[in-house]
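Report on one structure; see the data block that follows.
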Amino acid sequence: MSTTVLATEALNIGYAPRHGQRRVVANDLNLTLHAGEVVCLLGPNGVGKSTLLRTLVGMQPPLGGRVLLDGADIAALSPREIARRLSVVLTERVEVGQLTAYALVALGRHPHTDWTGRLTPHDEDVVRRALEAVDAVNLAARLVYELSDGERQRVMVARALAQEPLVMALDEPTAFLDLPRRVEMMRLLRRLAREMNRAILLSTHDLDLALRTADTLWLLAPGGVMHVGAPEDLVLNGAFEATFASEGMTFDRREGHFRIHPPAYRRVALEGNGIVRAWTVRALERAGCLVVGGDESAPLRVVIGGDDRRPCWDVHANGAEPQRAGSLREVAALVQQSQAHR
Ligand SMILES: Nc1ncnc2c1ncn2[C@@H]1O[C@H](COP(=O)(O)OP(=O)(O)OP(=O)(O)O)[C@@H](O)[C@H]1O
């Protein structure tokens, strides 16, 4: 197993205001993060992901236990000592005034420069390599406030990289990004972990991307219960499904994604296979149906015909003459009509 760069010992997290009630979010967390590893911290809203992340990076004191950064208790390290080992990328937009992307990334060298803050040729080299690593050399001279969300996020990751940390912690780095940019960001983080041997910890609500990208999931369930494991193990043992269990939604273990079930569903037997079947299931579920196999009995039967490029559907309702549909919009309309006439 590779080097442990961050660990917790019997860590309790939460809030202990001077006036008011103590609020425990999770207790007795014993977690480890290794060099070269991508860990995704997942959990439903309000379960405590940000609280844990803030405690791990030393921005919030623990209620009990310790966080060890590179073997040292983070509570005993100075901010500069922490910054040499750990960098943080937060979701909130930081006010950067008139800084260029280059100047912002160069700020990442601060923990390594002398009191004048002057960059040595080595520091400049590190900044250039950080920009290269996130494919942002062409953004160097641009003002940060003019960048798109995706471009700014890459520059923020470059700033974190320029710190040359052992651990990079990112709070929802894919928030505000469109799907291609989210995939790109996750790929980038994965590559940085592998090629630069960084440990990367990120919190996210992107369940699908986390399942596909993370080496390890830290799954924080309601009540502060933490499940740790490879994504596939946590799907197979049911922890993933249980953590996100919600009325009207079930997790499809075979496909690895959640299905949304409208509350009032009607059974529809579906005959047919392949890609047309998959999209027909989606359309029928959206129309409020529970789709069962073609060999099961149901008041409605849909039979797929044609081929993948030009499919058609025969809708049989309660033994009446079948009606032919040339699109899934028509299938949904026929299903709804037959419901109205029930
Ligand atoms: N400053 C605070 N003082 C007291 N309780 C707080 C404070 N900040 C957050 N909490 C509570 O701690 C719990 C965990 O909050 P946290 O923000 O860590 O959850 P989260 O998993 O990051 O949520 P989300 O996914 O919605 O961002 C919540 O019940 C929240 O109300």
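One-based numbering, in listed order, for ligands and for the atoms of each.
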Residue from E124, E164, Q163 passing side chain to side chain donor-acceptor pair (under 3.5 Å) with R109: E164

Let's go through D178 and R182 carefully: what are the C-alpha distance in whole Å and the side-chain angles of both, what is the deciding distance for salt bridge (charged side-chain N to carboxylate O under 4.0 Å, His left out) to 0.1 Å, and is it a yes or a no? CA-CA 6 Å; D178 61 21; R182 292 201 322 252; over 6 Å; no

Do I200 and R190 come close enough that some side-chain heavy atom pair is under 4.5 Å? no

Going by atom types only, do T51 and Q60 share a side-chain donor-acceptor pair under 3.5 Å? no

So that I know where these two stand, are F244 and F251 an aromatic pair - ring centroids less than 6.0 Å apart? no

Return the protein residues near ligand 1 (heavy atom under 4.0 Å from any of its atoms), ordered by chain and residue number. Y15, R23, V25, P44, N45, G46, V47, G48, K49, S50, T51, H205

Taking all non-hydrogen atoms of both residues, which atom of L270 and which atom of V281 are closest, and how far apart? CD2-CG2, 3.7 Å

